[in-house]
Each structure stands twice: as structure tokens, then as C-alpha cells.
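Presented below is the structure to which this report refers.
Keep in mind that what you see is a predicted model, and the values were worked out from it rather than measured. Residue numbering restarts at 1 for every chain, and letters A, B, ... go by the order of the sequence lines.
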Amino acid sequence: MRPVRVRFAPSPTGPLHIGGVRTALYNYLFAKQHQGKLLLRIEDTDSTRFVANAEQYIIDAFQWLGIPFDEGVHIPNEEGISYRQSERKTLYKKYAQELLQKKLAYIAFDTPEEIEVKKHEVANFQYDASTRHQMKNSMTLTDSEVQTLINKGEQYVIRVRIEPGEDINIQDLICGNVVINTSILDDKVLWKSSDQLPTYHLANVVDDHLMNISHVIRGSEWLPSTPLHILLYRYLSWKDTMPQFAHLPLLLKPEGNGKLSKRDGDRLGFPVFPLEWHDPLTKEIISGYREKGYFPEALINFLALLGWNPGTEQELFSLDELILHFSLDRVSKSGAKFDFEKAKWFNHKYLQTISNAELADKYLRILQSKNIVSSKDYVEKVVAIIKERANFVEDFWDTSAFFFTRPLTYDETVIKKRWKENTPEQLQIIIGLLQSIQPYNALKAHDAIMQYITDNSLNTAQIMNCLRLCLVGYAKGPDLFTIIELLGVNESVERINIAINKIKI
RNA sequence: GGUCAGUUCGUCUAGGGGUUAGGACACAAGGUUUUCAUCCUUGCAACAGGGGUUCGAUUCCCCUACUGACUACCA
């Protein structure tokens, strides 16, 4: 079997879409599984849609995701090969010429406007074998007429010549056998004189051939144009080394129907891009998974299972496990709706596996931005008891702010329910208990307070909730005795005193 | 309009001629807890419709419906 070489070939027209991330991921998994190579090629043959930051964004995104490429636009190589199509433009013309010589392509002078007119005149007009004789091209003009027009500086395109009536068989690794008849194909433009650039179809086939691509794994929107690509491989006498195709199902909107699009994310409140995108033109900032607090491993795990499954009940996979288990024949044929809740669950699972030290470092940065000074040791202890209730590091503050700042208000409903006339004096006794325990820790505090409650036949829930109210400000959160320990005796006592003074019934 | 493809719980999916159609997310209930979460347990919930083939179809075939992609000098 020939060495596996696959590519991810985005067009730098904007931020990398999450569907593109999945396509790249599947390419990566497939490549690694077969000890193959993954290439990053930039398909920037449409100068009109070029967006300045897009290429760097794509590179940064994969850097963050931890998907490395073996070759690509961002990786220097000794041969001086460019992986950017705009820099390979001279290459493509040669192959267009070859097709011209073989009479498998022809020159056409019809302007876009003229074709537009034709489309209005003729219903379902298509530039193909049935109509090309009515048009202005090298099949209707003589060689000298063509030459004259070119000499005059007339712009032209090179169109592939497709003859009708042939069934083209696509042996797709995911979709199976798909047959498309050439009669429905049109004579696609391969190359344009105006900018000296090829269109996607020519550039893609030429590059895949020259780069020795063994498998083309791409979105299923390409399936309909695959017959053209197959024809091109044949026309250029590359049929023997034609890559195998695998067309991935689309990612769909979470609600309703249709392809997941950029606007869905903002409308529904979740990102559709890996990283935050700063639009150079509109100055708009669109959120990304990284900024929302997703771990790249969690996003990858989630994406991997969206359209593929191992056939077992395992759902949590490391990247290495994905490489081991991934296979194209277990990729589903139907589109998958994007389930944001499940993505959060994956992140929750990953969060639990990360060390307290590492999480503390992340949390420390958030605390810093809130001008809170704290020791790493303390933050680590806080993280240890709150991480299980969080999906994101960004959730930490909401559930643990009281570890760093004193409560400013006290939950009214808790006061109403739990705060009695004699509560202050009970709390005074608890202050005494806290000040007397040696050593000062959660266990000792627990024993002392529970002893006090049982000795005096008090209502546990009432005492505990009032105490929590003093320390936290509301009636939820982690184990109260752990809070007492972490806060320390002085802070705990201070907070109780403040609360006794502030809370009036 | 044409071509191609797809359709199993709300969502992601497993399964496949005979199954109580399995799992996960979400949701609900119960347990645990001083509280809120977590966690555990349980529950809820699906083969698009119609024809065949067959002893038997969700599974195979056909039709219909629906959905999607494509139908650019965009990728």
C-alpha cells in the first residue's frame, strides 16, 4: 500500500469553521493511524475573497488544538515547495495547456455578463456539450480567430471538455459507490486569463497529484464535483495514482435544519470557531472555544464523536486513543446536529482530570484580573473542592468568590427561614468554639460544632445554614467545615461578627 | 427545476431478518448532603409513511414524504 499522505486544504476567506476543524481532525487521525503525513495547503486562488488574518488564524487554531502538521504553509522545507496556491500559480497553467493540447479543454471568450444573459434566455442553461457550440470559444472559432482575440488582449477562460453519457463511478470510503452521469456536469472553468489563476478544481487536482496525496478526506459538499475531479485525473493521465475519496457528512444547526453557519453560534450563544475572531473589515469580534474556556482535548473529543463512533460504549478518548480507534468506515453518512450541551459535558469531564496545581494557575490569572491577591497554595485548595461542580475554569469565580472576598449581602430568604432571635448568641458560642480548637482544621471544627448542637439539642440545619450565611452570604456551596478551615480562624470569626452586626430581623 | 445523498429516543448514536431496539447528553424522580452542586440509582423517550419479498422487516427492495448538498470565471 502506498504511503498515506492526506491534506487539509482550507481557503483563507475567514476564520476556520468548526466543521473544518473536524475535517482536519479526521485527516489527522487517519494519517497518524497509518504512519502517514498530514499537509496544510492554503487554497487562496480566489483573490477577491481573501481575508488578511485568515491563514494565521488557521495556523494558530491548530496550534491551540494540538493538531500538528507534517508539511505545510507554515513549515519550512528544504525543497522550497510552497503550500500556498497563489505562490504556485505558474504551475497550473502548464497543466491547463496540456489539456488544451489534448483537446480535453478549450478556450472560451464568453464574459460572465454574456453567460448571465444566456441563462435568462435559456431555461436551465448550462455551459456544456449541448450549448458550447452556441458560444464564443475555440470549438466554434477557428484557430486564427482565437489567436487574434488573444492577441487583441481579450480575456478568456479555459474550460474542461466533458462529453455526456458516461457514468462516473466514485468509490467513496464513506458514501460507498456513487454513480454520477457526465451529462449533468458542465464544462467547468479551470483557469482564468484575467488573474492567471486556476479555479479550485484544477488547482486541487494538480496539487493533490504533485503532493502525492493518497486520500482526499473532505466535506460532502465536494461529492457532486468529484466526477469532474476523477475526469481531470484521467485527462492528465494520473488515473493510476488518483487518491481515494472520503466525503464527510455535514455539521448541522442545533435547531431547525440546515448547515451550521457562523451566525448560528452568536444567535444560540455558543462558538462556531475554535479561537476568537477579530474581523479585519467589520471590526466585529466573534467568540471562540478557547476564550469560552474549552480545553482543546475536550473539543477534539466532542468533535471526533460527532459523526464517528468506535462501536463500543466508550466516549472519553485521548488523542492517542482516537488515533488508535478511528476508522473511516465507522463514519456515519448522515449529517450531525451540533449539541452544545454535550460539548459542555466533555469539558466537565476533562476539567476533572486536570491537576489542582494546573487549574490553580489558570484561576490565579482570573483572580489577578479581578485584583485579588492570593497564594497559589490557597487557590489550589479552593480549586480542589470546587472543580467537581464546574464545567469551565471560568465558572470558578461564581462558585468560590467568597473564599477571596467577604460577603457584602446576605440572602434574604435564608435569613427569613433560618435566622432566629437567639441566633446571634449561638453564633457567639460558635466563635468561642472556633477560637478554642487545636489544631484548627475542618475535622476539629466539625467535632466541636456538632458536639455543641447535640449537647443543646439544637436544629442542625438551622445552625449550619446561619453559619454558612455568615461566611458565604448564601445557602449553597461546598462543605462548610472545609470552608471554615480554609478561611482560617481569624477570618471566620471576623465574618461571623460582621454578620451578627449586619443581619437584623 | 435537475443530480446525488441521507432519515433509529429532543440531540449524538449502537444494532441489524426473530432483541424487553442498547449507550451517552438533556430532562424528571429518588438517594446522599447542613445547603447548592457533584456523585449514585431509577425513569422518560425512537426505527418518517406506504407498498412489496419473507413464516417473520426497524433491518432487504420499490415508491412517497421530508431534509441536505451541489447545480459560479467561490472554495
Answer yes when A/E55 and A/R84 have at least one side-chain N-carboxylate O distance shorter than 4.0 Å, and no when they do not.
yes
Is A/T45 close enough to B/A75 that one of its side-chain N or O atoms is under 4.0 Å from OP1 or OP2 there?
yes
Select base, sugar-phosphate, or nothing to describe what A/K333 touches, counting heavy atoms under 4.0 Å on all strands.
sugar-phosphate
Using a cut-off of 4.0 Å on non-hydrogen atoms, how would the nucleic acid contact of A/D110 be classed: base, sugar-phosphate, or nothing?
base
Enumerate all atom pairs, one protein N or O and one N or O from nucleotides 27-32 of chain B, separated by less than 3.5 Å.
none

Quick one: label A/G219 by what it contacts on the DNA or RNA (base, sugar-phosphate, nothing), any heavy atom closer than 4.0 Å.
nothing
Assign each of A/A475 and A/G335 to its nearest nucleotide of RNA chain B by heavy atoms, then name whichever residue's nucleotide is nearer the 5' end.
A/G335
B/S/- along nucleotides 38-47 of chain B (protein heavy atoms under 4.0 Å) is SS--------
Touch check for A/V472, heavy atoms < 4.0 angstrom, all strands: base, sugar-phosphate only, or nothing?
nothing
Ignoring backbone atoms, test whether A/N124 places a side-chain nitrogen or oxygen under 4.0 Å from the OP1 or OP2 oxygen of B/G2.
no
Taking only side-chain nitrogens and oxygens of A/K119, does any of them come within less than 4.0 Å of OP1 or OP2 of B/A72?
yes
On the nucleotide B/A75, are OP1 or OP2 found under 4.0 Å from the side-chain N or O atoms that A/K188 carries?
no
Distance only, no hydrogens: is a donor on one side chain within 3.5 Å (strictly under) of an acceptor on the other, for A/D207 and A/Y92?
yes
Which protein N or O atoms sit under 3.5 Å from an N or O of nucleotides 21-23 of chain B?
unit_1: B/G22; atom_1: O2'; unit_2: A/E313; atom_2: OE2; d: 3.4
unit_1: B/G23; atom_1: O4'; unit_2: A/E313; atom_2: OE2; d: 3.2

Between A/H247 (NE2) and B/G68 (C1'), how many Å, whole number?
15 Å
Checking all strands, does A/R218 fall into the base, sugar-phosphate, or nothing category for heavy-atom contacts under 4.0 angstrom?
nothing
At 4.0 Å (heavy atoms only), tell me whether A/Q126 reaches a base, stays on the sugar-phosphate, or touches nothing.
sugar-phosphate
Is there a donor-acceptor contact under 3.5 Å from the side chain of A/H17 to the main chain of A/F273?
no
Would you please name every residue forming a side-chain contact (heavy atoms from CB on, under 4.5 Å) with A/N124, sequence neighbours left out?
none
Residue mapping more 5' on RNA chain B - nearest nucleotide basis, A/R418 or A/N181:
A/N181
Under the salt bridge (charged side-chain N to carboxylate O under 4.0 Å, His left out) rule, what pairs show up with a residue in residues 153-180 of chain A, not counting sequence neighbours?
A/R132-A/E163, A/K136-A/E154, A/R161-A/E163, A/E166-A/R234
Residues forming a ring-ring contact (aromatic ring centres under 6.0 Å, His included) with A/F69, sequence neighbours excluded
A/F62, A/H74
Identify whether any heavy atom of A/W222 sits under 4.0 Å from a base atom; if not, whether one sits that close to sugar-phosphate; answer base, sugar-phosphate or nothing.
base
For a quick check under 3.5 Å, do A/S400 and A/Y363 share a side-chain donor-acceptor pair by atom type?
yes
Check the phosphate of B/C12 against A/R22, side-chain N and O only, distance under 4.0 Å to OP1 or OP2. Yes or no?
no
Is A/P478 touching bases, backbone alone, or none of the nucleic acid, heavy atoms closer than 4.0 Å?
base
Check every strand shown and say whether A/V178 touches a base, only sugar-phosphate, or nothing at a heavy-atom separation below 4.0 Å.
sugar-phosphate
Taking only the side-chain nitrogens and oxygens of A/T199, find out if one of them lies under 4.0 Å from OP1 or OP2 of B/C74.
no
Answer with base, sugar-phosphate or nothing: what part of the nucleic acid does A/L305 contact at a heavy-atom distance below 4.0 Å?
sugar-phosphate
Of all the nucleotides listed (B/A75, B/C73, B/U13), which has the minimum atom distance to the side chain of A/T111?
B/C73
